[in-house]
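Just so you know, ligand 1 is whichever comes first in the structure, and atom 1 is the first atom listed for that ligand. Everything numeric here is computed off the predicted structure, so don't read it as measured data.
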Amino acid sequence: MSSSPHASPHAETLHRQLTDFMQEHVYPAEVEVAAWQNNPQTRWQPCPRIEALKALAKEAGLWNLFLPDPVHGAGLSNRDYAPMAELMGRVLWASEVFNCNAPDTGNMEVLAHFGNDSQKAEWLAPLLRGEIRSAFAMTEPDVASSDATNIALGITADGDDYVLNGRKWWITGAGDPRCAILIVMGVTDPEADKHARHSMVLVPMATPGVRVVRALEAFGFDDAPSGHMELEFRNVRVPKSSLIGSQGSGFALAQARLGPGRIHHCMRLIGLAQRALELMIERAKSRVAFGKPLGAQGMAQEMIALSHCEIAQARLLTLNAAAMLDAGGNKAAKNEIGMIKIVAPRMALQVIDRAIQLFGAEGLQHPFLPHAWAGARCLRLADGPDEVHIAALARGLLK
Ligand SMILES: Cc1cc2nc3c(=O)[nH]c(=O)nc-3n(C[C@H](O)[C@H](O)[C@H](O)COP(=O)(O)OP(=O)(O)OC[C@H]3O[C@@H](n4cnc5c(N)ncnc54)[C@H](O)[C@@H]3O)c2cc1C
């Protein structure tokens, strides 16, 4: 455990402001945003209420809180940011209000660390202002993409250009009409060592040959307007200046992207589970079965008490991973990051599942619980499958 579990005074102030902002502006907007996102006429367009909240959040200084870089972001440590991400995670769309949503956060980190000045000016600056959205295109239908060395999309040099051919899927964010830029991973050097074959290039969404094939659904949720899209790249031509970092550095960039950006998911999952627990408690107080409120019955009490313990355990592990990351970087915190990636989605699934059960059949129709469950279930894959984190952690321990 970190020797410094406490947040800095600056972070405490921001956390209080964020708590108030959630109360005053975000929770009251949930019904309106849900109506927009459920309406077939509007759901693939940005929601005006969220856009209005963004302007307010920016004005309040609650903007880009995820980025530790003090020039481009709020300059917060991961430890300081974690409780704020937890607050945002209580509402599925809230992170975007503060420009802290995936996959833009991970993409901004890549551009801030590895982009050159012109790439930063063209893409990072408008992303930081929240004017455009982005997507990260690595996974492919035809190869086991949990092993990044398998990625097969071709990025072939041709004069001053690269030409891309291949197919990607589950590309989050690519359905949003504001998605202007893709970071695409593919093979530039097929004969090189398997860790030096890949590169990442910036591909504007409007480039000829980029085609959105379809929107994918997870348990019936397509997460419009961001979406999880299947994309086809057919003779897509971009200038060589679109390369991020050096040719052959794609695998290393993918690894770098997996550090802080990805524990943000864990932080948000704590908030998701905490909200489910609070709903469970409210329900247990008001619903009467067999002559007593559910909360007066042992089995419901066990669900509530165990959920509380498991959330607290995951929260402490997350704070510890964040503090380790701040103190020693990705490499030093490797095991701690792995631990929380294994623990947080399973914990959230368990808690949300109990909440659904305690709500009875209404739990399956609830405006929050089924979507929250689907989101947590996806994170056992989307963030790299559990098995990959478990295997990496075991290897680390065995060393
Ligand atoms: C909602 C959602 C959003 C996503 N968003 C994005 C995105 O924005 N961009 C993007 O590029 N991708 C995205 N993905 C894809 C995700 O990153 C991949 O699905 C994931 O990396 C696994 O790759 P795969 O599906 O090819 O599974 P595979 O690599 O085929 O693995 C299948 C299964 O094999 C098992 N397995 C794999 N490796 C091991 C091992 N070492 N030991 C034991 N068992 C193992 C695991 O059970 C694993 O689930 C998203 C996925 C989802 C569900």
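For Trp169, no nitrogen or oxygen atom sits less than 3.5 Å from a nitrogen or oxygen atom of ligand 1, counting backbone and side chain alike. Where the criterion is an N or O separation shorter than 3.5 Å, residue side chain and backbone included, Met138 meets it with respect to ligand 1. On a distance-only criterion, Glu140 and ligand 1 share no N/O pair closer than 3.5 Å. Inclusion of Ser145 in the set of residues having an N or O under 3.5 Å from an N or O of ligand 1 is warranted. The shortest N or O to N or O distance between Ala391 and ligand 1 is not below 3.5 Å.
Between Leu92 atom CG and Leu272 atom CG the span is 5.5 Å, to the nearest 0.5 Å.
Below 30°, between 30° and 60°, or above 60°: for His366 and Phe368 the angle between ring planes is above 60°, a perpendicular geometry.
Considering each of Pro385, Ala137, Gly384, the one bringing a non-hydrogen atom nearest atom 48 (C) of ligand 1 is Pro385. Here the shortest heavy-atom distance to atom 2 (C) of ligand 1, taken over Ala394, Gly173, Ala382, belongs to Ala382.
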Problem set entry | Step-by-step salt bridge (Lys or Arg N to Asp or Glu O under 4.0 Å) determination, Glu278 to Arg275 | CA-CA 5 Å; Glu278 289 166 18; Arg275 185 104 193 261; 5.4 Å; no

For this session: Carefully, step by step, assess Asp104 and Asn99 under the rule side chain to side chain donor-acceptor pair (under 3.5 Å).
Result: CA-CA 8 Å; Asp104 295 310; Asn99 214 36; over 6 Å; no

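Within 6.0 Å of the CZ atom in Arg178, the count of heavy atoms belonging to other residues, nucleotides or ligands exceeds 12.
Under the 6.0 Å distance and 45° angle rule, Arg237 does not count as a cation-pi partner of Tyr162.
In summary, the atoms of ligand 1 found under 4.0 Å from a heavy atom of Val143, numbered by their order in the structure, are 26 (O).
Ligand 1 has no atom lying under 4.0 Å from any heavy atom of Leu379.
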